[in-house]
Amino acid sequence: MTGTDGGAETGPAGVTAIWGRAEQQDFRSRVRGCLLGGAVGDALGAGVEFDSLDAIRAAHGPQGVTDYVTAYGRRGAVTDDTQMTLFTVDGLIRAHVRRDTGAWHPPTDVHAAYRRWAATQRDWGPDERREEDGWLAREEWLYARRAPGNACLTGLADDRMGTLENPKNPGSKGCGTVMRSAPFGLLVGWEPQLVFQLAVECAAQTHGHPTGCLAAGAFATIVHGLARGESLDAAVQRTLVQLATRPGHEETTEALKHALGAVRQGMPSPERVAALGEGWTAEEALAMGVYCALVAEDVRHGLLLAVNHGGDSDSTGSICGNLLGAIHGETALPPAWVAELEGRSTILELADDFAMEMTQGPALHGPAGASSAWLSRYPRA
Ligand SMILES: [Mg+2]
């Protein structure tokens, strides 16, 4: 397996025949859960991203944050983690739709989507977006700067696409690669090695350090296992096997093993989370998110554990929420948090579009014809 320009077996066409109604609904619930769960975790951490644990406890009580706190002028505000995750989804749908034209290079479509995200960080609003930018880039609420990562901004500042051979920000391993990569794992019709490879290649568009790229690939592969119904423990174990074949995997492997080891050390606590790191780097954020999801008694417990620490609370909350949502589906998310979440309708609409594309894509578009409504949402140009 050498790249992501793969064969016909990875496309949507072969998948459709095996999707029954129950399977489609289960998949859609995991997609919704993954995207909404990540956004809820992001929003829970948004108000304390730059605070120490002591400062969080001083401001919000001995339990720390137990509910949304105001950030960016409202409760339930999401940050760059959710914004970029949505554009990952947009890029993946576009890649599948564009395949009708004979073009098949998903990293190019994901890169174009990330460039549309970069425009939301630069422009006041969507006035300059064109028809071919699709619907997501015209969502006005996305035009907001929510402490975006520097490597993400600089990596996407010009139109040269970073690749594994020639990555952007070669020394960077910030968690910006991991926090946006859950949607790759939702490509359930793909082989795990291709999911891993695509996430790694797309990570290099902003971060070139091997750990930055491999941690993104690992996260995508874990989500992929969950979306296919595996347990989190099994998905992590399988991912460790996959990681071991890649040069430069040691930091990511060690971090995941620390997370598994921490589970066996006893009752979860903020101190145990802090022992895994602060989450500013890719491998630490991955380990912290995975640990909190592994020990979660329920979604609420896991998410609060994931945001109450002195590090990158919104990213670790987002990663944990992606995992818990993919495991349990949307109905397991605390409904009051879903109800108050910024961008909920956009997230749901995109989640449903992704699930439709993956399970019913050939009914929406193909070489013989296409829904014009679908093509205006996800233009082939
Ligand atoms: Mg953030």
Side-chain angles (χ1 to χ4, degrees), residues 34-53 55-56 64-65 68-89 113-114 116-122 139 141-156 169 172-183 202-203 205-207 212 215-216 219 273 277-289 292 303-325 337 340-344 346-347:
C34 181
L35 299 184
L36 283 175
V40 168
D42 184 19
L44 284 167
V48 294
E49 178 177 7
F50 302 106
D51 296 342
S52 69
L53 184 56
I56 293 172
V65 167
Y68 289 144
V69 298
T70 297
Y72 307 105
R74 61 164 289 169
R75 287 163 50 92
V78 299
T79 79
D80 57 330
D81 307 55
T82 298
Q83 294 171 345
M84 291 197 80
T85 298
L86 297 180
F87 279 95
T88 305
V89 176
Y114 289 156
R116 293 192 288 276
W117 168 79
T120 69
Q121 304 301 287
R122 200 175 54 230
E139 290 286 293
W141 71 277
L142 289 171
Y143 288 73
R145 281 179 83 109
R146 303 286 171 81
N150 206 41
C152 292
L153 291 175
T154 61
L156 300 165
N169 298 307
S172 296
K173 61 164 187 170
C175 72
T177 55
V178 177
M179 56 72 156
R180 67 180 190 240
S181 290
C202 292
Q205 294 174 6
T206 56
H207 298 64
F219 182 48
V273 176
E278 294 194 317
W280 302 109
T281 60
E283 81 281 18
E284 287 183 6
L286 175 65
M288 294 163 79
C292 294
L303 291 181
L304 293 180
L305 193 63
V307 301
N308 280 299
H309 58 79
D312 193 351
S313 298
D314 58 326
S315 294
T316 52
S318 166
I319 291 165
C320 180
N322 289 144
L323 295 170
L324 290 172
W337 287 347
E340 203 174 359
L341 180 68
E342 183 185 28
R344 175 186 173 206
T346 302
I347 297 167

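Indexing begins at 1, ligand by ligand and atom by atom, following the structure's order.
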**Fill in**
Asp81 OD1 to Thr79 OG1 via the Mg ion (ligand 1), rounded to 10°, gives 80°
**Request:** Indicate whether any N or O donor in one side chain lies under 3.5 Å from an N or O acceptor in the other, for Tyr72 and Thr79.
**Result:** no
**Asked** Do you see a donor-acceptor pair shorter than 3.5 Å between the side chains of Asp312 and Ser315?
**Response** yes
**Request:** Just give me the atom name: the N, O or S atom of Asp314 closest to the Mg ion (ligand 1).
**Result:** OD2
**Request:** Would you check if there is a donor-acceptor pair between the side chains of Thr206 and Asn169 at a distance under 3.5 Å?
**Result:** no
**Check: Glu342/Trp141 side-chain N/O donor and acceptor closer than 3.5 Å** = no
**Request:** Report the name of the N/O/S atom of Asp80 located nearest to the Mg ion (ligand 1).
**Result:** OD1
